[in-house]
Amino acid sequence: MSEENNNQETTEVTNQEALDQFVSLNKGDTVTGTIVKIEDNQAYVSIGYKYDGIIPIRELSSLQVDNASAAVEVGQEVECKVVSIDDEKEKLVLSKRAIDSENAWEVLEKNFESGEIFEVTVSDVVKGGVVADVGVRGFIPASMVERHFVEDFSDYKGRTLRVKVKELDRENNKVILSQKDVLEAEYEANKHTVMESLKEGQELTGTVQRLTQFGAFVDVGGVDGLVHVSEIAWNHVDKPSDVLSEGDEVKVKVLRVDPEKGKISLSIKAAQPGPWDSASDKFNIGDIVTGEVKRLVNFGAFVEIAPGVEGLVHISQISHKHIGTPQEVLEEGQTVSVKVLDVNTEEKRVSLSIKETEEAPAQSAKPERSNNRGDRAPKQEELNNPNVSLSNQGLSITLGERFGDKLSKFK
C-alpha cells in the first residue's frame, strides 16, 4: 500500500473523529473558547469547531453595551452556552451572558448569606443610581452609594466600589447592591476608637464632608464632627455654603465629645485668632470709626466696628436731642460714625458714642424771668382803680370810713 493511500486514510479517520465531535455539539451545551475577532455588534469565538461561533452584542453582557469591544477583547478566554447551530449555513450562535448569569447567581447568593464584601466597577450611571456588571445587572441606588448625599454621579463611571448584596430576587432578575452599608459598618467600628482619642480643646485638621443649612460636617480621623453655623466664623454667616465647600481642609477645635450619643462638636472660629484679640491694638479711646448698626434695644444700639466686634452706643449717646427709643433715629443695617469712649477686651466690651461725632446744636436765647413781684409793672386796671393806693401807706380806705355809720349804732 502506497504512502499516499496511507495518508489519505489517516486524514479520513481524523476528519471522521472531528465530525463525531461536531455532531455531539448541541443546543444548550457549555463551551469554552477564545475571542478571535470583534465587530461593532458581535464577537467571533474559536471553540475548536469547524467554524467559529458568534456572540451577538446582546449576548455578550448582562448590561447594555453600545459596542462589542466594550464587553470583550481579542485573545480573551470566554465560557459560553450554545444558543443555536446551523451547519448548513455554518452559523453557530453562542451566549456569554447566559453562563455569566448562571455563575453569578450562585456567587451572589453565597455573598448575600455571608454578607461578604466584594469589589465592582461602575459600568454606567442611570437615573436613580449607578449600575455594575456582576454577571447580572447589579443596581446601586443613589442613597446606597455613599454615606453622604451625592447630587451628581456623572464622574462615577469606571470607579471601583466596595459593596455588599442588599437585596436579591432571582425570579425577577433583581440585584440591589450597597456600598453605604460597607462604609457605615467601617465608620462605626472606627468611631469609638477615634472618639476616645479626642479631647476637648484639642486642635486638629479635618476635611469638610458635607454642608447643611445648620452647619458643616467635618471628617476628623474618619469620624464626622459638626461645626454649627455659629461656629464657622467670627462674623455672621447666613449659610455654611457661603464660606465653605465640600472637600475644604479646615483647622478645627474640639468643643465637646459625647461618646454615648456619638456626637462631636467642633469649631472653626475657635481655632482662629478672635477679633477681640487685636481689638485693643486696633481701637483707641477717642478714635472715630465707621460701623454698622446690628441691633437696636431699649437702652441703646449695638454697632459692629470690626468683624465680630460690637460696641454699645447707650441711648444717651445717640443724639444731642432727647429721644425715647433708639428706633426714632436709627435702623438696623445703617452705617454710622462713632467715637470710641472705652475699650475692655477682657470683658469684650466697647463703649461708643454717635453724638460726640456730631456738632452740638446752638442754644436759642430765652428772655430773663424775674422772681421779684415788686419789679412787675402794675396792670392798667390797677392804675385806674380809685380804691388802690400806690403809696407806702397801703389802702387809702380805712375800716372806720367803710363801716363808721354802722358801728355808731352799737355805742
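These numbers come from a predicted model, not from an experiment. Below, each value reflects all heavy atoms present in this structure, side chains not excepted, and no hydrogens, waters or symmetry copies.
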### Query
From Glu200 CD over to Leu255 CG, what is the distance, rounded to the nearest 0.5 angstrom?
8.0 Å
### Query
Would a distance-only check, ignoring hydrogens and angles, find a side-chain to backbone donor-acceptor pair under 3.5 Å from Ser101 to Ala98?
no
### Query
Once you round to the nearest 0.5 Å, how far does CG of Leu168 lie from CG of Leu177?
9.0 Å
### Task
Please say whether more than 12 non-hydrogen atoms of neighbouring residues, nucleotides or ligands are located less than 6.0 Å from NZ in Lys191.
yes
### Query
Can you list the steps and then say if Asn284 with Val340 is a side chain to side chain contact (heavy atoms under 4.5 Å, CB included)?
CA-CA 7 Å; Asn284 300 303; Val340 179; over 6 Å; no
## Note on the structure
On a heavy-atom basis, the closest approach of Ala271 and Lys251 is CB-O, 3.7 Å
### Query
Do Arg295 and Glu310 have side-chain heavy atoms sitting under 4.5 Å apart?
yes
### Query
Is it true that a side-chain atom of Asp219 and a backbone atom of Gly222 form a donor plus acceptor pair closer than 3.5 Å?
yes
### Query
Would a distance-only check, ignoring hydrogens and angles, find a side-chain to backbone donor-acceptor pair under 3.5 Å from Glu231 to His228?
no
### Any side-chain donor near an acceptor of the partner, Gln42 and Glu39, under 3.5 Å
yes
### Query
Can you tell me if Ser62 and Asp133 form a side-chain donor-acceptor pair at under 3.5 Å?
yes
### Message
Could you tell me if the side chain of Val293 sits less than 4.5 Å from the side chain of Glu331, heavy atoms only?
### Response
no
## Note on the structure
For Thr345 and Trp276 the tightest heavy-atom approach is CG2-O, 3.8 Å
### Query
Do Trp234 side-chain atoms and Pro307 backbone N/O form a donor-acceptor pair below 3.5 Å?
no
## Note on the structure
When rounded to the nearest 0.5 Å, the distance separating CZ of Phe299 from OG1 of Thr325 is 13.5 Å
### Query
Side chains of Val31 and Tyr49: closer than 4.5 Å at any heavy-atom pair?
no
### Message
Tell me whether Lys339 contacts the main-chain N or O of Glu358 through its side chain, where contact means a donor paired with an acceptor under 3.5 Å.
### Response
no
### Query
Counting N and O atoms only, with roles assigned by atom type, does the side chain of Glu59 sit under 3.5 Å from a partner on the main chain of Pro56, one being a donor and the other an acceptor?
no
### Query
Around atom CG of Asn298, are there more than 12 heavy atoms of other residues, nucleotides or ligands at under 6.0 Å?
no
#### Entry: Minimal non-hydrogen separation, Ile232 against Pro240, with atom names
CD1-CB, 3.8 Å
### Message
Any carboxylate oxygen within less than 4.0 angstrom of a Lys/Arg side-chain nitrogen, looking at Arg210 and Glu146?
### Response
no
### Summary
d(Leu161 CG, Ser178 OG) to nearest 0.5 Å is 10.0 Å
### Query
Would Lys37 and Asp52 count as a salt bridge (charged side-chain N to carboxylate O under 4.0 Å, His left out) if you check the C-alpha gap in whole Å, the side-chain angles of each, and the deciding distance to 0.1 Å?
CA-CA 10 Å; Lys37 182 182 177 182; Asp52 292 336; over 6 Å; no
### Query
More than 12 non-hydrogen atoms from neighbouring residues, nucleotides or ligands closer than 6.0 Å to CG on Asp169, yes or no?
yes
### Task
Would you check if the side chain of Lys355 reaches a backbone N or O of Ser316 as a donor-acceptor pair within less than 3.5 Å?
yes
### Query
To the nearest 0.5 Å, what is the distance between OG (Ser230) and NE2 (His236)?
10.5 Å
### Considering all heavy atoms, the nearest Leu94-Gly53 contact
CD1-CA, 4.0 Å
### Working for side chain to side chain contact (heavy atoms under 4.5 Å, CB included), residues Glu332 and Leu296
CA-CA 7 Å; Glu332 292 182 1; Leu296 296 175; 4.2 Å; yes
### Task
Applying side chain to side chain contact (heavy atoms under 4.5 Å, CB included), run through Arg162 and Glu186 and close with a yes or a no.
CA-CA 12 Å; Arg162 296 163 55 244; Glu186 293 176 346; 2.3 Å; yes
### Expected output: side-chain Ser123 to main-chain Val131 donor-acceptor under 3.5 Å
yes
### Message
I want to check something: taking the side chain as every heavy atom from C-beta on, are Val313 and Leu330 in contact at a cut-off of under 4.5 Å?
### Response
no
### Greater than 12 external heavy atoms within 6.0 Å of His148's NE2
yes
#### Entry: Over 12 foreign heavy atoms within 6.0 Å of CZ, Arg170
yes
### Message
Show the nearest heavy-atom pair for residues Lys157 and Val125, with the distance to one decimal.
### Response
N-CG2, 4.1 Å
## Note on the structure
Closest heavy-atom pair, Asn173 versus Val136, reported as atoms and distance to 0.1 Å, is OD1-CG1, 4.1 Å
### Query
Should Val229 and Phe214 count as side-chain neighbours, where that means a heavy-atom distance under 4.5 Å?
no
### Task
Take atom CD of Glu359 as the centre, draw a 6.0 Å sphere, and report whether it contains more than 12 heavy atoms from other residues, nucleotides or ligands.
no
### Message
Using 0.5 Å steps for rounding, measure from the CD atom of Gln317 to the CG atom of Leu312.
### Response
10.0 Å
#### Entry: Min side-chain heavy-atom separation Lys50-Asp87 under 4.5 Å
yes
### Message
Do Ile47 and Leu92 have side chains that approach each other closer than 4.5 Å (heavy atoms only, starting at C-beta)?
### Response
yes
### Query
Would you call Phe118 and Val107 a side-chain contact if the rule is heavy atoms closer than 4.5 Å?
no
### Query
Does a side-chain N-to-carboxylate-O contact under 4.0 Å join Lys110 and Glu116?
no
### Task
Report the C-alpha separation of Asn26 and Val82 in whole Å, then their side-chain angles, then the decisive distance to 0.1 Å, and conclude whether the side chain to side chain contact (heavy atoms under 4.5 Å, CB included) test is met.
CA-CA 7 Å; Asn26 298 310; Val82 177; over 6 Å; no
